[in-house]
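Structure first, commentary second.
Every heavy atom of this structure was used, including side-chain atoms; hydrogens, water molecules and symmetry mates were not. Below, chain A is the first sequence line, B the second, and so on; all start at residue 1.
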Protein chains: 2
Amino acid sequence: MMAQSPNGLMIRKLDSIFPLSDEEEQALARLPMQIAAYKADQDIVRIGDRPSQSCLLLEGFTCVYKITAEGKRQIVAFHVPGDIPDLQSLHLKVMDNSLATVSPCTLGFIPHEALYDLCNRYPRITAALWRETLVDASIFREWMTGIGRREAYNRTAHLLCEMRVRLNMVGLVEDGTFDLPITQTELADAIGASTVHVNRVLQELRADGLIRSRGTQVSILDWKGLKEAGDFDPLYLHLRQEGNA
Amino acid sequence: MMAQSPNGLMIRKLDSIFPLSDEEEQALARLPMQIAAYKADQDIVRIGDRPSQSCLLLEGFTCVYKITAEGKRQIVAFHVPGDIPDLQSLHLKVMDNSLATVSPCTLGFIPHEALYDLCNRYPRITAALWRETLVDASIFREWMTGIGRREAYNRTAHLLCEMRVRLNMVGLVEDGTFDLPITQTELADAIGASTVHVNRVLQELRADGLIRSRGTQVSILDWKGLKEAGDFDPLYLHLRQEGNA
DNA sequence: CGGATCGTTGAGTTGTATCAAGACGGGTGG
DNA sequence: CCACCCGTCTTGATACAACTCAACGATCCG
């Protein structure tokens with residue numbers, strides 16, 4: 001099931017969307033990939049760059065962010081292992097955002113040429129990768145409606161729900177507990193609030209008995225309650241089977 | 001230049017990304033398309049639907065929206081003629097948002113099967129369509145950073161800049177003037193603000209000499225000033241050549 | 001010439017930002 | 001192994017952007 005090569009994570013994920021043939025799996029496994037380790041808080045690609053490769057996140061968390069003219073940062077996406085954070089650069093030559101590590105990370109870089117080849121040979125893999133980028137877009141829409149129309153308390157609950165589901169998909173949740181190596185400042189930049197306010201919101205969530213946190217470990221104490229607080233419906237994640245308990 | 005068939009709009013747009021061969025253009029022109037007229041404020045597809053076709057917007061404006069549990073609406077995208085508002089449904093079976101007309105519209109519906117066929121035959125068309133969805137995603141990211149990190153005044157200016165550039169791409173701007181058949185309530189739902197506040201922001205923009213509006217006609221009086229106010233950099237639209245004056 | 005939709009205004013309220021300072025905690029070097 | 005330090009978390013006080021409510025004016029249209 002879980003392939004042993006680094007590409008295994010990607011194969012497993014794409015396969016979970018629509019089952020791939022052996023031949024397709026082997027083609028994926030043969031993709032050239034250059035492994036690299038990153039420390040936390042390092043840019044991987046920057047706005048304006050013209051990357052010639054995309055990366056597969058193997059370990060750790062990354063984020064996509066933009067900086068406004070006033071110097072404020074908005075994090076528009078988080079990535080968990082198995083994600084391909086800058087797959088978009090395959091068809092959008094110039095990066096319109098920056099990509100950075102949030103925690104120490106292991107990344108696998110795949111040349112665009114290899115991906116073009118793969119797509120030309122296997123239309124179903126094209127479809128699977130295309131679909132990946134469409135799910136990313138769906139998450140953007142959901143975050144946008146949260147930032148635009150939900151209050152900080154609900155947005156925070158929503159994000160925690162999403163992280164739980166996404167991490168669960170790659171086996172990184174145990175008993176509703178998972179590692180979330182994200183500072184409150186980063187959380188604030190993601191939900192479009194100030195650090196101070198996020199701090200208070202988290203206290204509220206704890207006081208309401210929805211979550212508990214110890215260091216970077218987050219435990220969801222009341223999944224139903226948290227989903228309700230976050231107005232969370234996993235439809236937008238387009239899972240093949242609902243990956244929640 | 002401008003093809004005479006309804007598909008001409010799409011051909012012209014895709015061609016402007018990377019030039020298509022005659023054969024590819026003809027394949028696009030042969031796409032079966034069912035034309036339909038819609039009144040303003042009508043749903044085209046709803047969240048939860050499983051459409052078997054995608055539509056090409058020929059005339060008018062559409063928007064994508066979501067409703068929160070509290071009944072608040074967030075518009076996450078506007079579309080102008082030439083756009084394919086629900087292209088995503090080609091690979092995401094269930095709609096995670098609703099699509100509606102904003103003004104009276106003419107739409108051309110294309111069966112998914114025809115698009116699959118086309119993509120299987122012409123990898124470059126696949127790439128062009130994929131790219132379209134990636135640009136949509138890029139616009140989501142930009143809107144999100146606006147809603148999260150810019151004030152309503154700046155967001156409004158930003159949206160006007162974007163509409164100007166996008167409408168200009170399809171020849172719907174003359175002398176910095178264009179038709180924007182969007183109510184202030186819709187504008188508010190798009191930038192994540194209240195109607196009242198949008199009204200006041202628009203007055204400010206007028207008072208600052210940046211725009212003028214008469215009915216649904218918007219004139220940009222100070223393009224440089226508006227871009228500055230909106231912190232607008234068209235990079236995220238991924239135009240092949242900057243389509244601004 | 002109603003009637004409905006959309007735009008405009010004023011007044012009061014609130015979510016959230018900002019500023020400032022202190023507490024905690026984990027790593028590093030002496 | 002302690003002392004220090006830096007990043008992160010926490011708290012309080014104040015300020016403001018934006019929301020809500022409510023009403024009125026302007027248009028358009030049948």
(message) Judged by each residue's nearest nucleotide on DNA chain D, which is more toward the 5′ side, R149(A) or V196(A)?
(response) V196(A)

(request) Write down the distance between CZ (R214(A)) and P (dG26(C)), rounded to a whole number of angstrom. (result) 13 Å

(request) Check step by step if salt bridge (charged side-chain N to carboxylate O under 4.0 Å, His left out) holds for D189(B) and K72(B). (result) CA-CA 8 Å; D189(B) 285 343; K72(B) 300 190 174 181; over 6 Å; no

(message) How many whole angstroms separate atom CD1 of I191(B) from atom P of dA18(D)?
(response) 9 Å

(message) Which is more 5' along DNA chain C, the nucleotide nearest R150(A) or the one nearest D41(B)? Just name the residue.
(response) D41(B)

(request) For this output row, return yes or no: ring centroids of Y236(B) and H158(B) closer than 6.0 angstrom. (result) yes

(request) Taking only the side-chain heavy atoms of Q203(A) (C-beta and beyond), determine which of dA18(D), dT16(C), dT10(D) contains the nearest atom. (result) dT10(D)

(message) For dT10(D) and Q184(A) - does any side-chain N or O of the residue sit under 4.0 Å from the phosphate oxygens OP1/OP2?
(response) yes

(request) Find the distance E151(A):CD to dC19(D):P and express it as a whole number of Å. (result) 11 Å

(request) Using whole Å, report how far CD1 of I147(A) lies from C1' of dA17(C). (result) 16 Å

(request) Any salt bridge (charged side-chain N to carboxylate O under 4.0 Å, His left out) involving residues 200-218 of chain A? Give me the pairs, sequence neighbours left out, ordered by first then second residue. (result) none

(request) Could you tell me whether G215(A) contacts a base, only the sugar-phosphate backbone, or nothing, with contacts defined as non-hydrogen atoms closer than 4.0 Å? (result) nothing

(request) Please state whether the base of dG7(C) and the side chain of R200(B) form at least one donor-acceptor pair under 3.5 Å? (result) no

(request) Specify the closest pair of heavy atoms between F61(A) and S103(A), including all atoms of both residues, with the distance to one decimal. (result) N-OG, 2.9 Å

(request) Report yes if at least one side-chain N or O of R155(A) is closer than 4.0 Å to OP1 or OP2 of dT16(C); otherwise report no. (result) yes

(message) In whole Å, I'd like the distance from the OH atom of Y153(B) to the P atom of dA18(D).
(response) 12 Å

(request) Measure from CG on L202(B) to C1' on dC6(C) and round the result to the nearest Å. (result) 13 Å

(message) Check this one for me: any side-chain N or O of N199(B) less than 4.0 Å away from OP1 or OP2 of dT8(C)?
(response) yes

(request) Starting from P on dT10(D), measure out to CG on L187(A) and report it in whole angstrom. (result) 12 Å

(message) Tell me the interatomic distance from Q217(A), atom CD, to dC9(D), atom P, rounded to whole angstroms.
(response) 14 Å

(message) Need one value for S194(B): base, sugar-phosphate or nothing, where a base atom within 4.0 Å counts as base even if backbone is also close, heavy atoms only.
(response) base

(message) Are Y65(B) and H79(B), when compared by the centres of their aromatic rings, separated by less than 6.0 Å?
(response) no

